[in-house]
Number of protein chains: 2
Amino acid sequence: MRLIQNDDLKRQFIAEWGYDHQFSFDVVQAAQLYLFPAKSIIVRAPDRPRDLLYLVKGKTKLYDTLANGKVALIDFFTPPCFIGEMELLDPESPSFTVQAIEDCWCLALPMATYREQLLRDTTFLRRVCQYLGRKNTRNIKTFSQNQAFTLSQRLAGFILLTANNDVYEEKHTQVAQYLGVSYRHLLYVLADFVKQGVLEKVGHHYLVQRPDVLARLAREVDWAPTTAERE
Amino acid sequence: MRLIQNDDLKRQFIAEWGYDHQFSFDVVQAAQLYLFPAKSIIVRAPDRPRDLLYLVKGKTKLYDTLANGKVALIDFFTPPCFIGEMELLDPESPSFTVQAIEDCWCLALPMATYREQLLRDTTFLRRVCQYLGRKNTRNIKTFSQNQAFTLSQRLAGFILLTANNDVYEEKHTQVAQYLGVSYRHLLYVLADFVKQGVLEKVGHHYLVQRPDVLARLAREVDWAPTTAERE
DNA sequence: CTCCCAGTATGAGAAATCTCATACTTACCT
DNA sequence: AGGTAAGTATGAGATTTCTCATACTGGGAG
């Protein structure tokens, strides 16, 4: 994680996603811009996040650590989107691990300083409600529709979503669980992609050779990673 | 829909679910208690709901009306839970149809009177954020886990959830879509339940003969209809 | 260094589920 | 009365996906 002291870039991100409209006070000064390099951990459960983050560029994934120590993929986020809002608002809420898939830029408000103010800020609270409500609606629609698709279609979308620089290297066990299919079947379909020349296997990861073919397969699948939907 | 003027019953419901803790002002006087009979429509899209409701007893289902006029099942609610909170908080949000599965009791705050006050009430806003956040977390976990189960297991849970007085009479087309399976396959499994004596077919609906068998099948399936989780 | 575990890998047969074709019924419109 | 659309119903064959069995690998624990 690196603090980026570039006010122009910060202002540009703020304007791009309407960050300042999410609050009733002036956050332009208060917010810091951070860069989380690809694969770095943005929030590590069970620690509580130190800042309220707002993802303005990059893709992230969210993990849960199960009681048995296993790690389960839960969800994906793309800009614009809050990170750590539940931990701020709901002291009871479990916290999850968030990892950068590719380089991620985030605007950050330190909770230690702004917690009380945020909890009293009705503009902010209403925004979070809207954000959560829409996310929920979309997730439900997405999930119930996606059940209808075949694994090769859903996997195609998943690979496009999680690959970084055309390198796909998710753990098969986690992916099988996330996509709700057996490990065996996942490997069949992956092998099939390789046979068709869509992927190339290199050691323990895969290179995406034909993103176009994957995109065509995934065409109808509405992956809809979570975003805040700028106003 | 019937207004129930029974202050004792109202107080009892308020206490049972901690309704008064969801707001920073005194709602005990302000709230009305309504009874929505089984199968009646609680909110009809695209109308905006007139009241902010809080379900305290009964089960409801939520529908979306698609562009083509078809109706899609979206979600289910059990007490305690808000109804109409998104329409209150997010003017952009589409509104959905909510129908009572069985007799439903709701506490109601007329939006015309309380809208502004609610939008300024940080206690209420924080509660809704928590409610939406938890609902989201659970939905995601539930959906991704449930993909792994076979239709007979998921259908068993679905029947238990939607049956009223052991009568199951959902439209097969809607259910197939909701559960993400083909109409054909749904009918196969239903026919199988009948053959096993778990269901009995009577005209165009089914009687649940062996809820115990359904419950056993559904045992591991975490249906988790949405609730607010009392504090 | 060896043991053991998690993750990876592959085969074979079984099951769950899908697609397509075809009817019948009911409601509603004209 | 005829026409149409949606929902219901059932069969046959094709695909998708699962379960189980079996091995190989790399890395951490002792």
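Note that the structure is predicted; figures quoted are calculated from it, not measured. We name chains A, B, ... by the order of the sequence lines, and we start the count at 1 in each one. Values below: every heavy atom of this structure, side chains too, minus hydrogens, waters and symmetry copies.
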A:R184 has its side chain closest, among C:dT10, D:dT17, D:dG7, to C:dT10
With the side chain defined as heavy atoms from C-beta on, B:T173 is closest, among D:dG7, C:dA16, C:dA12, to D:dG7
Would you indicate, yes or no, if D:dA9 has its OP1 or OP2 atom less than 4.0 angstrom from a side-chain nitrogen or oxygen of B:K201? yes
Whole-Å distance, B:L186 CG to C:dT17 C1', equals 12 Å
- prompt: Can the ring centroids of B:Y131 and B:F82 be said to lie less than 6.0 angstrom from one another?
  reply: yes
Walking DNA chain C from its 5' end, the first of A:Y206 and B:H185 to be reached, judged by nearest nucleotide, is A:Y206
Comparing B:A191 with B:Q174, nearest DNA chain D nucleotide closer to 5' gives the residue B:Q174
Discussion item. Check this for me: does any side-chain nitrogen of one of A:K57 and A:E16 sit under 4.0 Å from a carboxylate oxygen of the other?
Written reply: no
When rounded to whole Å, the CZ to C1' distance for the pair A:R154 and D:dT17 reads 10 Å
Of C:dA9, C:dG7, D:dC18, the nucleotide closest to the side chain of A:L187 is C:dA9
> When we call it a touch if two heavy atoms are under 4.0 Å apart, what does A:T150 touch: a base, just sugar-phosphate, or nothing?
Replying inline: sugar-phosphate
Checking D:dT8, C:dT8, C:dG7 against the side chain of B:Y183 (C-beta onward), the nearest is D:dT8
B:Q177 CD to D:dA6 P, in whole Å, measures 15 Å
Atom NE2 of B:H205 and atom P of D:dG7 are separated, to the nearest Å, by 19 Å
Open item on the list: Looking at B:Y188, I'd like to know if the NZ or CZ of B:R184 sits under 6.0 Å from its six-membered ring centre while staying within 45 degrees of the ring's axis.
Closed with: yes
Between CZ of A:F149 and P of C:dT19 the distance, given in whole Å, is 11 Å
Here the distance between atom C1' of C:dA27 and atom NE2 of B:H204, to the nearest Å, is 13 Å
Should the pair B:R50-B:E87 be classified as a salt bridge under the 4.0 Å nitrogen-to-oxygen rule?
no
Here the distance between atom P of C:dT10 and atom CG of A:D192, to the nearest Å, is 13 Å
Aromatic plane relationship, B:F76 with B:Y178 - under 30° parallel, 30 to 60° tilted, over 60° perpendicular: perpendicular
Of the candidates D:dT8, C:dA12, C:dT8, the side chain of B:H172 sits closest to D:dT8
Note to self: Applying a 4.0 Å non-hydrogen cut-off, can you work out what A:G203 is touching in the nucleic acid: base, sugar-phosphate, or nothing?
What the structure shows: nothing
note: B:K171, atom NZ; C:dT25, atom C1'; distance rounded to Å ~ 13 Å
